[in-house]
Q: 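Starting off with a structure, shown below.
Residue numbers start at 1 and run along the sequence shown. Keep in mind the model is a prediction, meaning the values are calculated, not measured.
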Amino acid sequence: MSTSQYGPQYAYRNQDQQPVTMGQLRWYMEGMRHARLATVFGILSIFSLGVLFGPLAIARSKKAEAYGVPAPEGRVLGWVGIGLFVLWVVFFIIYIALIFTIIGSLPESGRTSA
């Protein structure tokens with residue numbers, strides 16, 4: 001353990017820093033809560049409804065940054081979830097259009113009549 005000229009209790013303490021107050025700690029903990037929720041919503045946006053959880057992740061990330069806690073994971077995961085959802089919707093529309101094109105190109109004798 002290193003010692004300073006003021007004794008061992010001040011060896012690791014930066015002399016310019018003030019002690020953290022309970023208000024500052026609560027403020028930081030609230031920001032951390034929003035950052036964790038942003039990450040959870042971002043992960044959910046990738047694996048489920050990106051259109052729902054993506055904006056929630058981005059909003060929580062902004063709220064965490066308003067508290068002074070950086071939350072880039074939630075923001076990035078939210079945008080990735082939204083992008084994947086948009087790609088899934090485009091793929092689904094192309095798939096349905098392909099099905100209708102194939103059905104429309106069948107000859108009349110191949111169709112069944114009800």
Q: Ser61 side chain to Ala38 main-chain N or O, any donor-acceptor pair under 3.5 Å?
A: no
Q: In this structure, would Tyr95 and Ile103 fall into the same cluster of hydrophobic residues linked by side-chain contacts under 4.5 Å?
A: yes
Q: Measure the CD-CG distance between Glu30 and Leu25 for me, rounded to the nearest 0.5 Å.
A: 12.0 Å
Q: When rounded to the nearest 0.5 angstrom, what is the spacing between OG1 in Thr39 and CG in Leu44?
A: 11.0 Å
Q: I need the minimum non-hydrogen distance between Ala71 and Ala64, along with the two atoms involved.
A: CB-CB, 4.0 Å
Q: Considering all heavy atoms of both residues, which atom of Thr101 and which atom of Ala97 are nearest to each other, and what is their separation?
A: OG1-O, 2.7 Å
Q: Let me check something: do Met29 and Val69 share a hydrophobic cluster, defined by ILVMFWY side-chain heavy atoms less than 4.5 Å apart, either directly or through other members?
A: yes
Q: I need the Ile58 CD1 to Leu77 CG distance, nearest 0.5 Å.
A: 10.0 Å
Q: Going from CD1 on Ile96 to CD1 on Ile93, what distance comes out if it is rounded to the nearest 0.5 angstrom?
A: 9.5 Å
Q: Scan Lys62, Lys63, Glu65, Arg60 and name whichever one has a side chain to side chain donor-acceptor pair (under 3.5 Å) with His34.
A: Arg60
Q: Closest approach of Pro72 and Pro70, non-hydrogen atoms and distance?
A: CD-C, 3.5 Å
Q: Spell out, yes or no, whether Val80 and Ile43 are grouped together once hydrophobic residues are joined by side-chain heavy atoms under 4.5 Å, including indirect joins.
A: yes
Q: Is it the case that one hydrophobic cluster holds both Leu98 and Val89, taking links as side-chain heavy atoms less than 4.5 Å apart, direct or via other members?
A: no
Q: Would you find a donor on one side and an acceptor on the other, under 3.5 Å apart, between the side chain of Trp27 and the backbone of Tyr67?
A: yes
Q: Are Val76 and Leu37 linked, directly or through other ILVMFWY residues, by side chains that come within less than 4.5 angstrom of each other?
A: no
Q: Roughly how far apart are Leu87 CG and Ile82 CD1, rounded to 0.5 Å?
A: 12.5 Å
Q: Ignoring hydrogens, what is the shortest heavy-atom contact between Ala57 and Gly74? Give both atom names and the distance.
A: CB-O, 3.5 Å
Q: Can you tell me how far CH2 of Trp88 sits from CZ of Phe91, rounded to the nearest 0.5 angstrom?
A: 9.5 Å
Q: Can you tell me if Ser48 uses its side chain to pair, donor with acceptor, with the backbone of Ser45 under 3.5 Å?
A: no
